[in-house]
Amino acid sequence: MNTGAGEQVLKYIEMLAQISEEDDKLTRLSLTEQHRQANALVGKLMESIGMQVRTDAIGNITGRLQGSSDQRALLLGSHLDSVRDAGKFDGPLGVIAPIVCMESLKAEGIALPYSIEIIGFCDEEGVRFPSTLLGSRALAGTLDPAVLQERDTDDISIASALESFGQNPTDIKTAQRKPDDFLGFVEVHIEQGPVLEKENLPVGLVTAISGAARYTITVTGMAGHAGTVPMGLRKDALVAASECIVEIEQICQSYNNVVGTVGTIQSMPGAGNVIPGQVEFSLDLRSSDDSTRTDAEQQIYQSIEAITLKRQLTFDIQKTYEAAGVTCDQWLSNQLGSAIQNAGYSLCALPSGAGHDAMAIADLTRVAMLFVRCTDGISHHPDEHITVEDAEAAVQVLKHLLVKFQPHADKS
Ligand code: HGY
Ligand code: MN
Ligand code: MN
């Protein structure tokens with residue numbers, strides 16, 4: 001069925017994708033001028049469907065449409081920040097699809113008895129600062145204010161970035177919402193994997209979201225002259241780090257449900273004719289099972305310890321972030337699953353290897369997620385793509401969900 005909603009989603013996604021700190025790539029980091037512009041665009045789209053729009057103390061933008069008989073809101077949304085050289089859909093699809101769904105309900109004169117809130121979270125990717133899920137954790141009240149002292153690579157703290165964004169960092173607690181404000185949270189997100197393509201389905205129901213941890217690992221040796229220090233006398237931090245990184249890969253490969261990624265590395269002092277004295281690299285470690293992830297973490301620690309000892313270097317491992325895995329709420333997922341089937345699609349339930357804001361919002365209210373097929377499962381890459389038909393499918397599923405949604409009997 002083509003109602004034009006798919007085209008509308010892609011049109012808005014394209015408008016958002018123009019907002020980037022780089023001319024030829026999409027990079028939109030949190031609490032930046034580009035984030036401000038993205039909030040402004042999304043705020044206008046929310047206002048155009050009659051929503052009351054506000055920006056909270058952490059920089060999330062929220063639109064609210066009062067229900068005719070229930071103040072509590074079904075919360076829909078995802079993040080507006082991106083990774084570097086990103087795709088257009090990771091995050092924005094979860095904000096735009098609900099907006100287009102509400103446009104369509106408005107055009108059909110359908111008013112809902114319960115309230116609707118659509119939110120664009122300020123920082124899910126955790127690219128600018130070491131922490132991640134800043135916006136959704138602030139909403140859930142689980143964001144430790146000490147995190148606001150974390151700094152980006154320009155040595156700007158989250159607190160000062162908030163001030164330049166026009167927020168007062170001491171107000172963070174005001175971003176926290178109450179469980180009783182919401183009937184649940186539904187996040188629409190691209191699958192970022194190959195399953196729905198393999199199943200030849202446009203949408204899928206997420207069963208659980210993998211837990212994750214992030215680390216900053218520092219290996220310290222001794223800088224020296226590239227021409228005069230004999231190979232046998234070197235304490236080369238970059239060679240030692242390289243051995244550690246290959247070992248990390250082998251440890252992760254030894255499990256069937258662990259993934260480990262070294263995404264950034266910095267070699268100091270960073271001159272071609274100087275033996276690296278210190279190397280700092282990141283590690284992103286995930287598993288669908290939290291105890292397995294902890295086990296892998298232990299193994300990685302022991303292996304780095306052995307490698308640096310053998311080479312007479314030292315090391316330090318700082319865990320900068322950890323989020324336990326989350327199972328989606330059965331009651332809310334059942335309603336989303338029925339909406340998928342009522343929209344005419346067979347039901348495929350699948351786990352998420354990627355992290356999402358829903359992980360943090362699970363501390364506030366019931367969560368469910370709708371995955372949308374993405375071409376070749378590509379994500380965190382400019383070739384990230386969904387078809388207009390699949391965008392249409394996502395909006396139709398949301399419409400079925402919203403129109404038939406039954407609030408849970410108990411108050412929580
Ligand atoms: O890294 C992730 O899983 C998500 O894209 N932030
Ligand atoms: Mn995402
Ligand atoms: Mn992402």
Side-chain angles (χ1 to χ4, degrees), residues 13 16-17 20 25-30 35 38 42 60 76-98 118-137 139 185-196 204 206 208-216 252 257-264 282-288 290 293 319-326 328 350-362 367-374 377-386 394:
I13 290 278
L16 255 180
S20 169
K25 295 176 185 154
L26 173 51
T27 299
R28 187 169 57 240
L29 305 186
S30 56
H35 175 196
V42 165
N60 299 320
L76 305 157
S78 191
H79 58 95
L80 291 174
D81 68 309
S82 77
V83 293
R84 293 189 186 285
D85 197 5
K88 300 171 187 160
F89 298 91
D90 173 5
L93 180 64
V95 182
I96 296 299
I118 299 176
I119 190 165
F121 290 112
C122 78
D123 178 287
E124 185 273 345
E125 296 290 2
V127 170
R128 182 175 178 188
F129 302 104
S131 273
T132 175
L133 301 177
L134 295 181
S136 39
R137 285 195 291 162
L139 208 84
F185 173 63
V186 174
E187 184 169 4
V188 177
H189 203 286
I190 51 170
E191 179 200 341
Q192 301 176 302
V195 174
L196 291 176
V206 177
I209 307 167
S210 285
R214 291 187 183 180
Y215 310 81
T216 300
C252 293
N257 61 347
V258 171
V259 285
T261 311
V262 173
T264 62
S282 65
L283 172 62
D284 176 311
L285 189 65
R286 310 192 193 198
S287 171
S288 49
D290 290 341
R293 177 165 48 84
K319 191 184 295 190
T320 57
Y321 161 76
E322 183 160 36
V326 162
C328 292
L350 68 164
S352 173
H356 300 287
D357 287 302
M359 297 168 89
I361 300 299
V367 301
M369 282 194 74
L370 178 73
F371 264 174
V372 180
R373 173 170 50 188
C374 58
I378 292 172
S379 182
H380 284 192
H381 187 284
D383 291 349
E384 203 176 83
H385 174 73
I386 70 168

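Index from 1, following the sequence. Counting starts at 1 for both ligands and their atoms, following the listed order.
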ask   = Taking all atoms of both residues into account, what is the closest heavy-atom pair of G263 and S282, and its distance?
value = N-OG, 3.2 Å
ask   = Taking both backbone and side chain into account, is any N, O or S atom of H79 nearer than 2.8 Å to the Mn ion (ligand 3)?
value = no
Please tabulate protein-ligand N/O pairs under 3.5 Å for ligand 1, atom names and distances to 0.1 Å.
unit_1   : atom_1 : unit_2 : atom_2 : d
ligand 1 : 1 (O)  : R286   : NH2    : 2.7
ligand 1 : 3 (O)  : R286   : NH1    : 2.4
ligand 1 : 3 (O)  : R286   : NH2    : 3.2
ligand 1 : 3 (O)  : G355   : N      : 2.7
ligand 1 : 5 (O)  : E125   : OE1    : 3.2
ligand 1 : 5 (O)  : H380   : NE2    : 3.0
ligand 1 : 6 (N)  : E124   : OE1    : 3.0
ligand 1 : 6 (N)  : E124   : OE2    : 2.8
ligand 1 : 6 (N)  : E125   : OE1    : 2.9

request  = Mind checking side chain to side chain contact (heavy atoms under 4.5 Å, CB included) for S287 and listing every partner two or more places apart, or none if nothing turns up?
outcome  = N257, V258, D289, T292, R293
task = Of all the heavy-atom pairs spanning A360 and R137, show the shortest one and how long it is.
result = CB-CG, 3.7 Å
remark   = Note: D81 and G126 closest approach over all heavy atoms is OD2-N, 4.0 Å
task = Please calculate the NE2(H380)-the Mn ion (ligand 3)-OE2(E125) angle and round it to 10 degrees.
result = 110°
task = Check for a donor-acceptor pair, side chain of E124 on one end and backbone N or O of G91 on the other, with a separation under 3.5 Å.
result = no
message = Show the nearest heavy-atom pair for residues P92 and L16, with the distance to one decimal.
response = CB-CD1, 3.7 Å
Name of whichever N/O/S atom of D90 is nearest to the Mn ion (ligand 2) = OD1
key: Any side-chain heavy-atom pair of H189 and L93 under 4.5 Å   = no
